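Comments concern the structure below.
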Amino acid sequence: MSKTISGFSKLSKSKKIDWIVDTYFSNAEDAKTILKQYWNTNDKLQQLHDEFIENTITNYYLPLGVAPNFLINDTLYTIPMAIEESSVVAAASKAAKFWLDRGGFKTTVISTTKIGQVHFMYKGEFEKLKSFFTLIKPKLIQDSEAITKNMTKRGGGILDIELRDKTAEMENYFQLHVSFETLDAMGANFINSCLEQFAKTFKSEALNFNLFSEEEKQIEIVMSILSNYVPDCLVRAEVNCPVENLSEDPNISGEAFARKFMQAVHIAEIEPYRAVTHNKGVMNGIDAVVLATGNDFRAVEAGVHAYASRNGRYSSLSHAEIENGIFKFWMEIPLALGTVGGLTGLHPLVKLSLEMLHKPSAKELMQIVAVAGLAQNFAALRSLTTTGIQQGHMKMHLMNILNQFEANASEKTAITKHFETNAVTHNAVIEALKALRD
Ligand code: MEV
């Protein structure tokens with residue numbers, strides 16, 4: 001039976017676990033054993049994980065896989081991927097190998113600007129607010145110098161502050177719309193700290209502005225927060241090759257492959273139901289690398305999907321064309337990533353992943369992540385438009401089914417061999433396992 005509790009966060013870890021298992025599990029001892037199985041035997045490492053969040057009771061593992069052979073702008077990478085879905089890493093590896101033999105991936109960072117906003121209410125004349133803003137803008141920047149000093153020294157910081165009138169959409173609503181360059185940091189803390197300082201200065205200085213009436217002086221700050229919509233923090237990834245080099249199947253010409261592939265991309269460009277799944281395939285690659293490198297995948301997801309709808313209809317992130325006999329497949333995608341700060345210096349596996357990627361700058365990581373997304377999308381479309389997705393997917397999923405039925409090592413070997421030449425379905429695996437056990 002569920003029940004409420006107060007002061008839960010103040011309990012020790014073991015008392016928290018006692019409460020959870022006693023409240024929710026018929027077999028409290030079994031539940032406790034499972035939770036503890038996932039604790040790290042290294043106490044220091046466990047404490048590190050405990051302290052990443054609040055009310056930690058155990059660790060939740062995801063596999064960390066690697067996809068080798070990614071050639072990006074003539075540099076070779078092995079890309080770490082943290083993901084639970086079978087066949088994603090295999091698909092990435094296959095796509096990497098395919099493009100390795102065709103010149104690899106080409107990437108460019110188009111822009112790196114991030115945005116934050118102070119949302120506020122002002123009841124009065126816009127002209128007066130504009131005069132106040134012009135007067136106060138240098139002080140906004142000056143008052144935040146303690147926060148921006150180091151970032152500015154390294155070449156980043158505040159790029160601009162704009163006053164935006166949003167009253168056409170909501171009564172009395174205005175914004176300070178601020179652009180930032182945060183270099184190798186994702187920048188959420190930096191941006192939010194700057195914004196909160198702007199809000200403080202803005203509100204207090206309004207009280208002294210002579211042109212304001214008493215009512216106009218009472219600016220109400222609603223909130224100060226970065227935006228995860230980053231259409232000007234954009235990276236492009238591309239692959240291309242002569243059309244005739246595209247097909248590895250002697251029964252399909254490069255031309256026929258390209259035509260069907262482009263049809264699939266075009267469908268995702270015009271049909272939102274398909275676009276969402278198409279882009280989900282892109283995000284299989286993106287999220288896995290974003291997670292492995294300790295970045296915020298929720299921020300990336302939110303920003304990418306907003307970008308996919310920027311023209312008023314949700315659409316494909318990737319595009320394909322043939323120009324002068326050359327097949328081109330590319331994607332432009334917004335990615336706010338960091339290679340310093342946050343988890344990047346804390347989580348031992350994140351540090352390892354970044355080292356595996358030659359300790360990239362944030363700009364380099366944007367390019368690697370975009371490539372992982374494009375490769376994943378290429379692999380998915382290639383399967384979908386040729387063999388169908390289930391053949392490869394179910395082969396990779398076979399082990400999950402075998403584990404579900406607690407197959408032992410020799411059963412796994414026999415069944416895997418059997419399915420080298422037979423189609424994998426859930427039922428077929430159960431039947432094969434039953435036949436073997438009988
Ligand atoms: C499955 O995780 C991803 C795909 O559905 C992507 C796609 O359909 O393009 C295979």
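Since we're looking at a predicted model, the values are computed, not measured. For the single chain, residues carry numbers from 1 onward in sequence order. We count ligands from 1, going down the list as the structure has it; atoms in each ligand are counted the same way.
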Between the protein and ligand 1, which nitrogen or oxygen pairs come in under 3.5 Å, and how far apart is each?
residue: ligand 1; atom: 2 (O); partner: E85; partner atom: OE1; Å: 3.4
residue: ligand 1; atom: 2 (O); partner: E85; partner atom: OE2; Å: 2.6
residue: ligand 1; atom: 2 (O); partner: K280; partner atom: NZ; Å: 2.7
residue: ligand 1; atom: 2 (O); partner: N284; partner atom: ND2; Å: 2.9
residue: ligand 1; atom: 8 (O); partner: R274; partner atom: NH1; Å: 2.9
residue: ligand 1; atom: 8 (O); partner: R274; partner atom: NH2; Å: 3.4
residue: ligand 1; atom: 9 (O); partner: R274; partner atom: NH2; Å: 2.8

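In this structure, the side-chain hydrogen bond (donor to acceptor under 3.5 Å, both in side chains) partners of N403, at least two apart in sequence or on a different chain, are K412.
Between the side chains of N73 and T107, at least one donor N or O lies within less than 3.5 Å of an accepting N or O. Under the 3.5 Å distance criterion, with hydrogens and angles disregarded, no donor-acceptor pair is assigned to the side chains of T425 and N427.
Using the six-membered ring where Trp is involved, F329 and F378 have ring planes that are tilted, between 30° and 60° apart.
Sorted by first and then second residue, the salt bridge (Lys or Arg N to Asp or Glu O under 4.0 Å) pairs involving residues 231-251 (not counting sequence neighbours) are R102-E248, R236-E238, R236-E332, E248-R382. Applying the ring pair (Phe, Tyr, Trp, His ring centres under 6.0 Å) rule to pairs touching residues 61-84 yields Y38-Y61, F70-F105, Y77-H358, sequence neighbours excluded.
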